[in-house]
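Right, one structure below, let's go through it.
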Amino acid sequence: MRRFFAPASSVRNGTVTLGEDETRHMRDVLRLRIGDEVYVIDGEGREMRCRIDTIEKREAGLTIIEAAAPTAAESPLDLTLAVAILKGDKFELVIQKAVELGITRLVPLETERSDVKVKDLAKKLGRWKRVILEASKQSGRAKLMEIREPRSIADLLLGVDQTVIVFTESGGGRFPEKLESKPLTVVVGPAGGWSASELDLARSVNAILVTLGGRILRAETAAITAAAILQHRFGDLN
């Protein structure tokens, strides 16, 4: 069954209105017709089985048949993934897999050894949000993963008030078997690794430093691996 997105504000009185992009995809790509049934998510956790009533140039009107349980339930773990911005499509891969793994929110990081600077923030955030939307529709999530504006590692570490786990190539310990509190923030650095001052800052705020012994991972692999491990240990990936 095809899944589409409509914000909660477009759901009213038993009907749903799809915007221009979703309508174009419905009409020109999937070639759906009036009377066909589809599923619609509102990005806040609700999914609905709907029937297409009208297909116009810029919008489509649907009638809600019934509420539907999302294909993928939300994880009970409130998990933030903070990861250094990576080159090219590597960062978009991390975003996509974070959605699939049930991450609650993602924070792009600017670090001392990052070699990527965000120039057009509005355009970049728009692109990242589209990746989140498409990944959500494909993976069965009805709640969209939140993505924050880029911030420095210092701002993150000094501003967070929850358990923080920092993955580092060296100088860390074993992955903890138990954690005293949740929610969690997991932090993954750039391809060049963390600077000494960044690791010192992490220690000063009592972050848990973890090194995956015996493995040298690319930054994007490390981010995906970290998310998967935490969902397995403390979430619903089992």
Side-chain angles (χ1 to χ4, degrees), residues 3 5-9 40-47 68-86 90-111 118 121 124-153 155-167 175-176 178-189 202 205-208 210 219-238:
R3 303 176 84 232
F5 167 74
S9 59
V40 177
I41 61 173
D42 68 353
E44 298 180 7
R46 182 167 51 164
E47 183 160 352
T71 304
E74 289 299 306
S75 171
L77 175 63
D78 186 334
L79 178 57
T80 298
L81 175 61
V83 57
I85 304 172
L86 306 174
K90 294 179 181 179
F91 195 70
E92 292 185 6
L93 174 66
V94 171
I95 293 173
Q96 180 189 71
K97 300 310 174 186
V99 172
E100 294 176 12
L101 288 167
I103 301 303
T104 307
R105 67 192 58 81
L106 188 143
V107 181
L109 290 181
E110 296 173 338
T111 69
V118 178
L121 179 58
K124 188 65 70 173
L125 278 174
R127 171 61 188 170
W128 290 341
K129 288 179 180 179
R130 287 194 295 274
V131 173
I132 291 171
L133 177 57
E134 291 305 314
S136 298
K137 292 193 292 185
Q138 292 174 4
S139 65
R141 288 184 71 176
K143 186 173 183 179
L144 298 182
M145 181 182 74
E146 178 186 356
I147 187 162
R148 302 278 178 85
E149 291 189 3
R151 60 191 306 186
S152 70
I153 181 63
D155 285 343
L156 176 79
L157 292 176
L158 295 174
V160 72
D161 59 353
Q162 55 188 245
T163 302
V164 178
I165 299 176
V166 177
F167 278 73
F175 198 91
K178 297 181 179 180
L179 292 174
E180 295 297 327
S181 63
K182 302 173 185 177
L184 305 176
T185 294
V186 58
V187 186
V188 181
V205 298
N206 297 316
I208 302 170
V210 171
E220 64 272 24
T221 308
I224 297 166
T225 300
I229 291 174
L230 287 168
Q231 286 289 30
H232 174 67
R233 293 279 182 96
F234 309 110
D236 60 354
L237 191 63
N238 49 44

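In what follows, every heavy atom counts, from backbone to side chain, and hydrogens, waters and symmetry copies are set aside. Start at 1 with the first residue, then count along the sequence.
Applying the side-chain contact (heavy atoms from CB on, under 4.5 Å) criterion to Ala98, with sequence neighbours excluded, gives Leu81, Ile103, Leu106, Met145. Applying the salt bridge (Lys or Arg N to Asp or Glu O under 4.0 Å) rule to Glu220 yields no partners; only residues at least two apart in sequence or on another chain are considered. Applying the side-chain contact (heavy atoms from CB on, under 4.5 Å) test to Pro76 and every residue at least two apart in sequence or in another chain returns Asp236. Remark: Gln96 pairs with no residue by the side chain to side chain donor-acceptor pair (under 3.5 Å) rule, at least two apart or across chains. Every salt bridge (Lys or Arg N to Asp or Glu O under 4.0 Å) that Arg46 has, sequence neighbours left out, goes to Asp42. In this structure, the salt bridge (Lys or Arg N to Asp or Glu O under 4.0 Å) partners of Arg127, at least two apart in sequence or on a different chain, are Glu92. Judged as a side-chain contact (heavy atoms from CB on, under 4.5 Å), and not counting sequence neighbours, the contacts of Ala6 are Ser10, Val16, Leu18, Val40. Listed by chain and residue number, Glu100 satisfy the salt bridge (Lys or Arg N to Asp or Glu O under 4.0 Å) test with Lys97 (two or more places apart in sequence, or in another chain). Take Lys143 and apply the side chain to side chain donor-acceptor pair (under 3.5 Å) test, not counting sequence neighbours, and it matches no residue. Considering only residues two or more places apart in sequence or on other chains, Phe91 meets the ring-ring contact (aromatic ring centres under 6.0 Å, His included) condition with Trp128.
Although no hydrogens or angles enter the test, the distance criterion places no donor-acceptor pair under 3.5 Å between the side chain of Thr104 and the main chain of Thr80.
Note: Thr185 OG1 to Leu157 CG = 9.5 Å, rounded to the nearest 0.5 Å. Atom CD1 of residue Ile41 and atom OG of residue Ser136 lie 5.5 Å apart, to the nearest 0.5 angstrom. Note that OG1 of Thr163 is 7.5 Å distant from CD1 of Ile165, once rounded to the nearest 0.5 Å.
Judged as a side-chain hydrogen bond (donor to acceptor under 3.5 Å, both in side chains), the pairs with a partner in residues 222-234 (not counting sequence neighbours) are, in order, Ser75-Gln231. Residue pairs that meet the salt bridge (Lys or Arg N to Asp or Glu O under 4.0 Å) test with at least one member in residues 71-85, sequence neighbours left out, are Glu74-Arg141, Asp78-Arg105.
Residues Pro150 and Ile85 form a side-chain contact, since some pair of their non-hydrogen atoms from C-beta on lies under 4.5 Å apart. Side chains of Ile153 and Val187 form a contact here, defined as non-hydrogen atoms less than 4.5 Å apart. Contact annotation: the side chain of Ile147 approaches that of Ile95 to within less than 4.5 Å [non-hydrogen atoms, C-beta and beyond]. The side-chain heavy atoms of Leu133 and Leu144, taken from C-beta on, include a pair separated by under 4.5 Å. With contacts defined as side-chain heavy-atom distances shorter than 4.5 Å, the pair Leu184/Phe234 qualifies.
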Quiz item: Which is it for Arg151 and Glu149 under the salt bridge (Lys or Arg N to Asp or Glu O under 4.0 Å) test, yes or no, and what are the steps along the way?
Solution: CA-CA 6 Å; Arg151 60 191 306 186; Glu149 291 189 3; over 6 Å; no
